[in-house]
Amino acid sequence: MQSRHAIITVEDYEPFIGQQAVERIMAKGRQLAGRSVAHVNSTYYGGGVAEILSSLTLLMRTLGLDAEWRIIQGPPDFFSITKKMHNALQGAPIRLTDIKKEIYEDVAFQNAVRNRFDHDYVVVHDPQPLPLVQFSRKRGPWIWRCHIDTAQPSREIWEYLAGYIEQYDALIASAEEYLQPLRVPQLIFQPAIDPFSILNRELPEGEVERRLRHYGVPLDLPLVVQVSRFDRWKDPQGVIRAFQLARRKRDCTLVLVGNVATDDPEGPEVYESLLGAKEERILILSGEDTSFVNALQRRAAVVLQKSLREGFGLTVSEAMWKRTPVIGGNVGGIRHQIDDGVNGFLVSSVEETADRIVLLLSDEDLRRRMGEAAREKVRQRFLMTRYLEQYLDLLDGFETHYYLRPGVVGVAAGAERAEPERPVAH
Ligand code: UDP
């Protein structure tokens, strides 16, 4: 029996990944026991990076690594600059004035002064804390983990940031298409989900209904759901338009759930721009309650993730894990998550999205088959233990402090060796 405050360990994943994989990962953990590693990002809440770090750092600790999670601080203008950078890395045009660069660099410098990063390994996530490397005394390898779709970055911003990126000892991206010519070893790790988190753990049907009723979600018609930060790249307007087209043919309810990350100042404006569309069958809600999000992803007939750019959509894997078919934008990481027509659909327009909604709402058997295939894909490829193992391989791959052993590559280790899923004991 687990105590009330038990922390999830690699062994808890055994029903999903098999005993061999558990033992292999534990053995790799033992090699690194006692080593210190700091993960650094810019928000403790909102968005996929925070979601991943809260699970990954604890799992690392259960293996004996001295893993920490640090968050950098900054004033609102810093985060408005870094959000612009984020947009530019995803291809939006931006002019980065010298004043903006100065603010960006100053805040990074202040954070380097405020924190001691004397760990054996430091993993810096996304552009906000990127310049820390320049202002800190490196004691071991520093790794930049970029979660953004950088397939077509604005050249100006990329060239500016490359000056920092090249001070790192390795770069991790979420897909091969995101790699740019750089003098740094580059690896591909696809993000993953924690099946035991409040967001993803099993929920009894009664609890699902209670959660949904609590937030006033009507249960008389099928639910079409999108869960996303309020961000234009997630195309919430496109979701509303697709829903309006689809319901001419199939009656349904749209639930658009969103939140605002502390490092994303554009959220409130995007949220307000949607409020005009609210009506009885279009609900626009805040997703601060993660068991509500869990319940919605379970109860939905169809989950959408109609992103226009997406480094990797955790929400896609979350819904697929819950056996809910997902219609995702045919972009970025989503293309690696969904196999079109097999375990979900990939779409490139509002009209196509509407067609797929209608198709899925009209065919319960198709929903069930796609949902099962979706669950299996996540089990094989997108659980946190696979991601953890890639990190262990990478950290272990630094033979000397700064030299990454050739042949350490970001493959989905263990995925193909996973045994079939067994039911979890509750
Ligand atoms: N999320 C949430 N409530 C919301 C919106 C998002 O809990 O209202 C969670 C979502 O379930 C996922 C994460 O925040 O775990 C978003 O990660 P994703 O990779 O989909 O997108 P990002 O925000 O990182 O671009």
Side-chain angles (χ1 to χ4, degrees), residues 41-56 79 82-83 86-87 89-90 125-128 145-150 173-175 178 189-201 203 211 215 217 225-236 239 255-268 270-271 274 283-298 300 303-322 324 326-329 331-338 344 378 382-384 387:
N41 81 321
S42 60
T43 180
Y44 62 91
Y45 169 75
V49 179
E51 194 56 38
I52 289 168
L53 288 182
S54 68
S55 300
L56 182 68
F79 288 113
T82 56
K83 178 69 201 243
H86 173 109
N87 293 343
L89 285 172
Q90 300 210 128
H125 295 259
D126 280 344
Q128 300 91 337
R145 200 320 176 198
C146 180
H147 295 265
I148 299 172
D149 176 344
T150 53
S174 295
Y178 305 162
F189 294 2
Q190 291 172 331
I193 63 160
D194 172 356
F196 302 101
S197 65
I198 300 172
L199 191 57
N200 293 318
R201 68 187 176 198
L203 279 184
R211 286 286 91 205
Y215 286 93
V217 175
V225 167
Q226 176 159 303
V227 176
S228 289
R229 271 183 307 109
F230 290 113
D231 179 351
R232 290 187 209 293
W233 295 110
K234 312 285 185 183
D235 198 17
V239 167
V255 188
L256 200 53
V257 179
N259 62 6
V260 175
T262 56
D263 61 353
D264 182 356
E266 291 175 2
V270 174
Y271 172 67
L274 300 172
L283 280 72
I284 298 171
L285 302 170
S286 129
E288 311 302 343
D289 174 347
T290 37
S291 29
F292 171 55
V293 173
N294 186 340
L296 256 183
Q297 289 171 329
R298 282 179 194 281
V303 160
L304 304 183
Q305 191 53 59
K306 210 203 145 310
S307 304
L308 305 171
R309 289 273 193 289
E310 189 69 73
F312 184 94
L314 278 191
T315 52
V316 173
S317 296
E318 289 160 4
M320 289 173 75
W321 177 244
K322 294 164 186 133
T324 305
V326 181
I327 301 173
V331 293
I334 299 178
R335 283 190 286 213
H336 299 275
Q337 298 175 265
I338 296 177
V378 175
F382 300 126
L383 293 184
M384 195 59 74
Y387 198 36

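When a ligand or atom number is given, it counts from 1 through the structure's own listing order.
The shortest N or O to N or O distance between T290 and ligand 1 is not below 3.5 Å. Looking at V293 next to ligand 1, no N or O pair under 3.5 Å apart turns up. Ligand 1 has an N or O atom lying under 3.5 Å from an N or O atom of R229, backbone or side chain. Of the N or O atoms in V49, none lie within a sub-3.5 Å distance of an N or O in ligand 1. Residue contacts with ligand 1: K234 is placed with a nitrogen or oxygen under 3.5 Å of a nitrogen or oxygen of the ligand (distance criterion only).
Within the 3.5 Å criterion, the main-chain N or O of G333 finds no donor-acceptor partner in the side chain of D149. Remark: side-chain polar atoms of N294 are paired, donor with acceptor, to backbone N or O of R201 under 3.5 angstrom. Although no hydrogens or angles enter the test, the distance criterion places no donor-acceptor pair under 3.5 Å between the side chain of R232 and the main chain of E266. In this structure, the side chain of R298 engages the main chain of N200 through a donor-acceptor pair within 3.5 Å. The main-chain N or O of Y178 is found under 3.5 Å from a side-chain atom of T150 such that the two form a donor-acceptor pair. Checked by atom type and distance alone, the side chain of R309 pairs as donor or acceptor with a backbone atom of Q90 at under 3.5 Å. Side-chain N or O atoms of T290 include none that pairs as donor or acceptor with a backbone N or O of I198 at under 3.5 Å. Without hydrogens or angle criteria, Q226 side chain to K306 main chain gives a donor-acceptor distance under 3.5 Å. A donor-acceptor pair under 3.5 Å links the side-chain atoms of Q337 to the main chain of G313, judged by distance alone.
The T315 neighbourhood of ligand 1 comprises atoms 10 (C), 11 (O), 12 (C), 20 (O), with distances under 4.0 Å to a heavy atom of that residue. Interface of L199 with ligand 1, defined as ligand atoms under 4.0 Å from a residue heavy atom, comprises 11 (O), 15 (O). Counting atoms of ligand 1 from 1 in the listed order, those under 4.0 Å from a heavy atom of E318 are 10 (C), 11 (O), 12 (C), 15 (O). Close approach of ligand 1 to G258 is summarised as follows: ligand atoms under 4.0 Å from at least one heavy atom of the residue are 4 (C), 8 (O). Which parts of ligand 1 touch F312 is read off a 4.0 Å heavy-atom cut-off, strictly below it: atoms 19 (O).
At a threshold of 4.0 Å, the pair K83-D231 counts as salt-bridged, since one of the basic side-chain nitrogens sits closer than that to a carboxylate oxygen.
Summary of contacts: the protein heavy atom closest to atom 24 (O) of ligand 1 is G48 N, 2.6 Å. Nearest protein heavy-atom neighbour of atom 14 (O) of ligand 1: G47 N, 3.9 Å. Looking at atom 1 (N) of ligand 1, its nearest protein heavy atom turns out to be N259 ND2, 3.8 Å. Given atom 19 (O) of ligand 1, the protein heavy atom at minimum distance is L314 N, 2.9 Å.
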For this session: Walk me through it: do S174 and R145 pass the test side-chain hydrogen bond (donor to acceptor under 3.5 Å, both in side chains)?
Result: CA-CA 9 Å; S174 295; R145 200 320 176 198; 3.0 Å; yes
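Neither the backbone nor the side chain of S286 has a heavy atom within less than 4.0 Å of ligand 1. Counting heavy atoms under 4.0 Å from ligand 1, residue H147 does not touch it at all.
Distance check for atom 10 (C) of ligand 1: a protein heavy atom is found below 4.0 Å.
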